[in-house]
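Below is one structure, written out as structure tokens; the observations come after it.
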Amino acid sequence: MKPADALGLLQPGDWLVLAATAALIAALWGHGSNGDRVVIKQAGRVFLETSPRLDREIQVPGPLGITQVEIRGGRVRIKSDPGLHQICVKQGWLGPGQVAICLPNRVSVERGASVYDSLNY
Amino acid sequence: MTPSIINLEITVEDRRIAGLAAAAVGLTLAEAAIPLPLPGVKPGLANIVTLIVLYQFGWRAAVWVSLLRIVAGALALGTFLTPTFVMSLAGGLASLLVLGLAAHLPRRLFGPVGLSVLAAFTHIGAQLGVVGVWLMPGVNLLPLLSVFLGAAWVSGLINGLVVAGLLKSGVTGAQS
């Protein structure tokens, strides 16, 4: 069958369906594999890599004590930290691409900085 | 005591549905032998049979053929009552539902390709729904969604073109 014949098999509504579904895929495409991860590092080493979809609280031990990281409703924040100035706690909820660093306790939380996605397999 | 005799009437329609379901099972088995890049992405060739049945014998026959294909295909592949089977059943039921609704769309505007793409999207959507709610709750499926939907778009388009071509050429036995 020639390509021109194949085009004749499509009706107007079919084009509509094809266009609408292609638009849906295009809209979802950006929500890619490296945009939606939470990486917690302690002293420069990866302590935990997780998804912002899993509500949980994580206790990260550092030289000063425990830093508490909270993941809730797809958002991430540092809930409490033993550091003096509480800079990372005051930063609040992290948007995609943001990083909070609790320097005294050497803990950092990154939103969406994962290089590869282990979920895929 | 007289032994009771159960006489099962086999109608012409029963035979037809059995034959069509057998064709669909054949396609499912053939497809299982093709190596595929990603688990869950497959051409869904059996949906060609479902669509042709829908067009020629109506929605009820399509439901029969599709469900028989899912159960018999799972038995043959050894996946009966496993998560794979549940995903297959969920996808099958959801796309049958959508096909039942889409069959009422004006025939002049919406042909097999539109229905095929809609069914393919519903199929993978329901399967990912099962994965998200039951198999791997909490796992973020969004990054995979576009890949799976893209595959569904391509396979839905190709299957739809095959159905449209077969219906047009009249080799599918339109006399029934």
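No hydrogens, no waters, no symmetry mates; every other heavy atom, side chains included, goes into these values. All chains are named by letter (A, B, ...) in the order of the sequence lines, taking the proteins before the strands, and each is independently numbered beginning at 1.
Hydrophobic clustering, with ILVMFWY side chains joined whenever heavy atoms are under 4.5 angstrom apart, keeps B:V53 apart from B:V25. Both B:L45 and B:V49 are assigned to one and the same hydrophobic cluster, defined by single-linkage of ILVMFWY side chains at heavy-atom distances under 4.5 Å.
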Enumerate, atom names and distances included, each donor-acceptor pair closer than 3.5 Å involving a side-chain atom of residues 75-94 of chain B, sequence neighbours excluded.
| residue | atom | partner | partner atom | Å |
| --- | --- | --- | --- | --- |
| B:T82 | OG1 | B:T79 | O | 2.5 |
| B:T82 | OG1 | B:T84 | N | 3.4 |

List, one per line, each side-chain donor-acceptor pair under 3.5 Å for residues 65-73 of chain A, sequence neighbours excluded.
| residue | atom | partner | partner atom | Å |
| --- | --- | --- | --- | --- |
| A:T67 | OG1 | A:D81 | OD1 | 2.7 |
| A:T67 | OG1 | A:N105 | ND2 | 2.6 |
| A:Q68 | OE1 | A:S80 | OG | 3.4 |
| A:Q68 | NE2 | A:Q59 | OE1 | 3.4 |
| A:E70 | OE1 | A:R77 | NE | 2.7 |
| A:E70 | OE1 | A:R77 | NH2 | 2.7 |
| A:E70 | OE2 | A:R72 | NE | 2.8 |

Contacts under 3.5 angstrom, residues 111-119 of chain B side chains, donor-acceptor by atom type, not counting sequence neighbours:
| residue | atom | partner | partner atom | Å |
| --- | --- | --- | --- | --- |
| B:S116 | OG | B:G156 | O | 2.6 |
| B:S116 | OG | B:G160 | N | 3.3 |

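Nearest approach of A:L9 to B:G165, heavy atoms of both residues: CD1-N, 3.7 Å.
A 4.5 Å side-chain heavy-atom check between B:F121 and A:I25 finds at least one atom pair inside the cut-off.
For B:W153 (side chain) and A:L18 (main-chain N/O), a donor-acceptor pair under 3.5 Å exists by modelled atom type.
A:L16 CG to B:L109 CG: the interatomic distance, rounded to the nearest 0.5 Å, is 9.0 Å.
Contact annotation for A:A22: both backbone and side-chain heavy atoms come within less than 4.5 Å of a heavy atom of chain B.
By the neighbour-count criterion of 12 heavy atoms within 6.0 Å, atom CG of A:L103 is sparsely surrounded, having that number or fewer from other residues, nucleotides or ligands.
Of all residues in residues 99-108 of chain B, those placing a non-hydrogen atom less than 4.5 angstrom from a non-hydrogen atom of chain A are B:R107, B:R108.
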